[in-house]
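Report on one structure; see the data block that follows.
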Amino acid sequence: MSLLSSVVRRRGPLKARLALTSGLLLVAASVCAEPNREPDGWADGVELAALEDLNPDPHILEVNLEAAVVTLPIWSLRPPTEVYAFNGSVPGPLIDLAAGDRLIVHFTNNLPEPTTIHWHGLRIANEMDGAPHHPRPPVLPGERFDYDFVVPDAGLFWYHPHVNSSAQVGYGLYGALRVRASDDSEAAAPEDEIVLVLSDIGIDEDGGLDDPASGGDLGTLFGREGNVILVNGRWLPSLKVRAGITQRWRLVNAARSRYFKLALPGTTFTRIGNDGGLLPGPLEEDELFLIPGQRADVLVTPDVANGTVQFLTWLPYDRGFGSSELRTEQLIMRLELTDDPPGAPTQASFSREIAPIDVSGATPVSMRLTEMMDADGRLVLGINDLPFAELEPWLATLGETQVWEVTNEMDWDHPFHLHGFFFQELGDDGEPLAPLSWQDSINVPSRETRRIAVVFDERPGMWMFHCHILDHADAGMMGMLHLTEP
Ligand code: C2O
Ligand code: CU
């Protein structure tokens with residue numbers, strides 16, 4: 001299986017998965033190590049589960065996805081853990097297709113509670129977005145639903161439930177969705193590529209999952225973080241790498257609350273993309289920063305000595321009281337340098353035209369991220385002093401450009417996410433920030449204001465926006481944008 005899955009990965013786009021069924025010839029053709037490639041099986045210790053494509057059309061990926069309770073050995077220092085999983089794995093299988101392809105997901109909910117699948121970052125029709133009741137009801141236990149849409153944009157996206165989200169994501173329901181470019185815009189990318197789903201999970205002495213309400217209101221206010229950081233569902237997994245070879249990492253932060261600030265001591269990252277695909281050009285970064293929900297597309301060229309081990313390291317980030325005090329770095333993935341002769345790095349020759357959103361004439365919208373108490377003295381979070389259940393939708397008409405000014409009135413940062421549309425971040429002067437990029441999530445630091453511009457040019461409906469610390473969203477920090485015909 002590992003050989004086959006590496007064939008799938010290496011042959012890249014689309015119908016590579018046909019190799020699973022059709023053949024040894026393909027296997028034979030790609031086992032010979034190429035001079036500028038990682039060793040065979042380099043990523044076997046980190047590989048995501050694959051999916052069987054039920055559809056012979058090369059531009060349709062048709063799959064079965066089932067959410068169910070399973071018991072998995074998540075943390076080797078504890079007994080196996082009963083989790084929620086898509087197709088029996090945490091994270092769920094990698095959904096892999098190309099821009100313009102159609103995805104059909106036959107979804108079965110075998111959980112003991114209702115759920116949905118939200119396709120985070122995908123610009124798809126409102127009725128496929130997975131926000132409960134907007135417009136479709138959740139999928140009840142034992143029921144099925146077919147998600148069916150075309151994926152318009154290249155990039156890394158992800159999927160997760162949107163009912164009882166903090167608990168369900170905390171129990172293990174999330175997966176990555178990679179949309180490869182269908183043109184030659186990524187032709188210069190290194191062939192050795194891996195998708196890394198970052199998350200955490202709360203596991204107790206007996207291997208049981210933490211109570212999703214642990215810590216009460218204080219737990220909610222802080223946002224619950226698991227005690228074990230996972231990379232592709234594994235605790236401290238390993239990659240086998242050759243010095244000097246450039247690999248491409250596609251990362252997503254799928255944790256329900258945890259921020260990821262990452263370093264690889266001795267090596268810098270060349271960032272080429274984020275939420276909405278490629279950046280205008282590569283950026284050198286010493287550290288990667290991903291708020292919950294965010295993605296990063298980076299090139300990594302380990303160039304330390306053969307035989308050594310490099311550790312991808314999680315660094316504490318101050319997102320408010322309790323997030324960085326008394327916390328230490330954590331090693332989350334090993335890069336084991338093999339004895340192979342060093343290779344030659346791939347130059348990052350990427351570029352993309354991104355036009356700034358024209359904000360002249362844009363409708364200004366401002367909102368405040370707030371906390372309050374309900375009549376029983378319990379914590380409620382919300383927008384403009386009201387929780388989600390009491391908020392009227394915000395309004396926009398098709399074709400309208402809006403500038404949202406989001407002010408965080410709390411003592412903790414909020415990762416702000418809008419469904420269904422990419423936006424651009426604006427500076428204090430109201431001009432798009434350089435480098436231009438497309439995002440669907442942005443950090444709004446404690447007691448600060450951030451501005452975004454968004455063009456609501458298509459796909460009417462009810463679109464959610466919320467804090468992606470899912471404990472905050474569930475406590476009421478969500479809103480709805482009603483996009484209508486003019
Ligand atoms: Cu990942 Cu409502 O979003
Ligand atoms: Cu928040």
Side-chain angles (χ1 to χ4, degrees), residues 91-92 115-124 126 128-134 136 138 155-166 168-170 173-177 197-199 217-225 252-259 275-276 290-295 317 319-323 367-372 379-384 387-388 406-423 439-448 450 461-481:
T115 193
T116 62
I117 303 179
H118 167 56
W119 308 94
H120 183 123
L122 290 182
R123 301 190 303 152
I124 54 178
N126 191 243
M128 289 294 146
D129 186 59
H133 305 293
H134 296 285
R136 293 185 179 276
L156 184 71
F157 303 94
W158 65 296
Y159 58 99
H160 64 80
H162 225 293
V163 174
N164 195 17
S165 311
S166 186
Q168 292 192 7
V169 169
L173 288 179
Y174 42 84
L177 189 157
V197 179
L198 309 170
S199 67
D217 281 354
L218 222 55
T220 301
L221 200 54
F222 181 66
R224 295 173 180 86
E225 296 185 7
V252 50
N253 179 356
R256 58 179 170 157
S257 299
R258 183 185 291 270
Y259 282 44
D275 290 349
L290 291 116
I291 60 173
Q294 260 181 346
R295 284 86 69 204
Y317 169 77
R319 62 174 180 85
F321 181 75
S323 56
M367 52 184 83
R368 296 173 296 110
L369 307 177
T370 50
E371 67 178 287
M372 45 263 156
L379 175 75
V380 179
L381 301 184
I383 301 176
N384 296 348
F388 179 64
V406 184
T407 298
N408 179 352
E409 297 194 343
M410 289 178 55
D411 289 331
W412 284 269
D413 290 13
H414 295 295
F416 186 85
H417 167 56
L418 170 66
H419 285 206
F421 296 85
F422 293 142
F423 54 74
Q439 290 169 253
D440 56 54
S441 39
I442 182 181
N443 193 42
V444 186
S446 166
R447 307 280 168 193
E448 291 191 27
R450 291 290 181 269
M462 295 287 260
W463 295 102
M464 281 190 140
F465 51 90
H466 57 89
C467 179
H468 221 290
I469 287 181
L470 296 173
D471 287 310
H472 292 181
D474 289 353
M477 196 174 281
M478 295 196 289
M480 199 60 90
L481 176 92

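Atoms within each ligand, like the ligands themselves, are counted from 1 in listed order. Note that this is a predicted model, so its numbers are computed, not measured.
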Got a sec: is His160 within less than 2.8 Å of atom 1 (Cu) of ligand 1 via an N/O/S atom? yes
His417 and Trp158: CA distance, side-chain angles, deciding distance, ring-ring contact (aromatic ring centres under 6.0 Å, His included) verdict: CA-CA 13 Å; His417 167 56; Trp158 65 296; 8.4 Å; no
Restricting to N/O/S, name the atom of His466 that gets closest to atom 2 (Cu) of ligand 1. NE2
Taking both backbone and side-chain atoms into account, decide whether His468 has an N/O/S atom under 2.8 Å from atom 1 (Cu) of ligand 1. yes
With rounding to 10 degrees, His419 NE2, atom 2 (Cu) of ligand 1 and His162 NE2 define an angle of 100°
Do Ser166 and Asp471 get their side chains close enough for a donor-acceptor pair, meaning under 3.5 Å? yes
His120 near atom 1 (Cu) of ligand 1 via N/O/S, less than 2.8 Å: yes
Please work out which of the three classes, parallel, tilted or perpendicular, describes the rings of His118 and His419, given edges at 30° and 60°. parallel
Checking one value in my table: which N/O/S atom of His414 lies closest to the Cu ion (ligand 2)? ND1
So, do Glu448 and Asn408 sit near enough that their side-chain heavy atoms are less than 4.5 Å apart? no
Taking the side chain as everything from C-beta on, heavy atoms only, tell me whether Met367 gets closer than 4.5 Å to Phe465. yes
Close side-chain approach of Ile469 to Tyr259, heavy-atom, < 4.5 Å: yes
With the Cu ion (ligand 2) as the reference point, give the N/O/S atom of His472 that is nearest. ND1
